[in-house]
2 protein chains.
Amino acid sequence: MEQNQELKKAGLKVTLPRIKILEILQAPANQHISAEDVYKILLEQGEEIGLATVYRVLNQFDDAGLLDRHHFEGGKSVFEMGQKKHHDHLVCLKCGKVIEFEDDLIEKRQIEVAEKNNIKLTHHSLYLYGVCQPSCEDR
Amino acid sequence: MEQNQELKKAGLKVTLPRIKILEILQAPANQHISAEDVYKILLEQGEEIGLATVYRVLNQFDDAGLLDRHHFEGGKSVFEMGQKKHHDHLVCLKCGKVIEFEDDLIEKRQIEVAEKNNIKLTHHSLYLYGVCQPSCEDR
DNA sequence: AACAATTTGAATTTGTTTCTCAATTACCAC
DNA sequence: GTGGTAATTGAGAAACAAATTCAAATTGTT
Ligand SMILES: [Zn+2]
Ligand SMILES: [Zn+2]
Ligand SMILES: [Zn+2]
Ligand SMILES: [Zn+2]
């Protein structure tokens, strides 16, 4: 179980809820997933893991730096495993599709803007909202 | 009362709660203010206006395009009168200070990124988080 | 003043996330 | 393996921002 190593490395005891939640987050289909949706998948899998535990474990993973937390428009937090390189997000307002992108020029300008304003930059959030072309065009 | 004209232009009846809330939002000291804080100021002013009305009126102002709504890190919505030119925000994580900035290059790149990914861009949110230098450096 | 339509305040509800606490489980030492 | 201890869990309650409900009050218009 490579999940076990990940958990131990993060200083967390190896427990069933944490293994299951980690597995769900690691699945390619579940990038950018909400706590509620993690919980739904656990239910479908027949696991008896409480919603409070899901929130708790996600926060622990966040503290341990295992994942990134996003706040897309519309309220709830969205999580994604964070081993990848930094990137920002495009979100379709119609179908909810999320596209990741990196733009070095934007990143560089952000640093310059912060410097110009005497702020030591720690992180940033950039979300581009729009509509998929042409698939979500009408509807 | 120029507030009355603003409200009428937005298709809203001129009522005391709306005038008072509009006044608060227009005060230079109250850029980037939360609903809760608008309510607190009303209380200090001795106005008997309910919190539900504050939320309702802020939504109406938002629908009417009178203000912009932001989601800074840490939960609640933050509002600002929206007659100004588009801008993005730097936020100090220690003292909460908000600095506005515009960067045409970043704006342009965003449009290009959206085009490249076949998304018709409607809007975006960009927040830079950090620590004021040198004032909030330690503490 | 009279009227319909809108708006309001108080209380209730919703939706997301956190907290509490007793029962369970993981991990370390023996 | 067994025992001990601290960490973890599930269920429910609580917290929090925000939206909704509805009877009463207010607005803008005759
Ligand atoms: Zn970025
Ligand atoms: Zn991503
Ligand atoms: Zn911008
Ligand atoms: Zn601003």
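Just so it is clear: chains get the letters A, B, ... in the order the sequence lines come, proteins before strands, and each one is counted from 1.
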Spacing of B/Asp37 atom CG relative to D/dC16 atom C1', expressed in whole Å: 15 Å
In this structure, how many angstroms lie between the C1' atom of C/dT16 and the NE2 atom of A/His70, rounded? 18 Å
B/Lys85/B/Glu102 ion pair, N-O < 4.0 Å: yes
Over how many whole Å does the gap from A/His71 atom NE2 to C/dT16 atom C1' extend? 12 Å
Rounded to whole angstrom units, what separation is found between the CG atom of B/Asp63 and the P atom of D/dA19? 10 Å
Can you tell me whether the side chain of B/Arg18 and the base of D/dT26 have a donor-acceptor pair closer than 3.5 Å? no
Ring-plane angle category for B/His70 and B/His32, please: parallel below 30°, perpendicular beyond 60°, tilted otherwise. tilted
Let me know the distance between CG of B/Leu58 and P of C/dT8, rounded to the nearest Å. 12 Å
Just say parallel, tilted or perpendicular for the rings of A/Tyr127 and A/His89, cut-offs at 30° and 60°. tilted
Across the strands shown, which category fits A/Ser34 at heavy-atom distances under 4.0 angstrom: base, sugar-phosphate, nothing? nothing
With a 4.0 Å cut-off on heavy atoms, is B/Glu48 in touch with a base, just the backbone sugar-phosphate, or nothing at all? sugar-phosphate
If I take atom CG in residue A/Leu7 and atom P in nucleotide C/dC27, what distance separates them, rounded to the nearest angstrom? 9 Å
Between B/Glu100 and B/Gln31, do the side chains contain an N or O donor and an N or O acceptor separated by less than 3.5 Å? no
Side-chain N or O of A/Ser77 closer than 4.0 Å to phosphate OP1/OP2 of C/dT17: yes
For the residue pair A/His124 / A/His86, report whether a side-chain donor-acceptor contact shorter than 3.5 Å exists. yes
Using whole Å, report how far CD of B/Glu36 lies from P of D/dA19. 13 Å
Grab the CZ-C1' distance between A/Arg56 and C/dT20 for me, whole Å please. 10 Å
Has B/Thr15 got a side-chain N or O lying under 4.0 Å from the OP1 or OP2 atom of D/dT27? no
Under-4.0 Å side-chain N/O to phosphate OP1/OP2 contact, A/Asn59 with C/dT17: no
For A/Ile49, answer base if it contacts any base atom (sugar-phosphate contacts may also be present), sugar-phosphate if it contacts only those atoms, and nothing otherwise; contact means non-hydrogen atoms under 4.0 Å. sugar-phosphate
Want to settle it: does B/Lys13 or B/Ala52 sit nearer the 5' end of DNA chain C, counting the closest nucleotide to each? B/Lys13
Residue whose nearest DNA chain D nucleotide is more 5′ - B/Lys76 or B/Leu16: B/Lys76
Less than 4.0 angstrom between a side-chain N/O of B/Tyr55 and OP1 or OP2 of D/dA19, yes or no? no
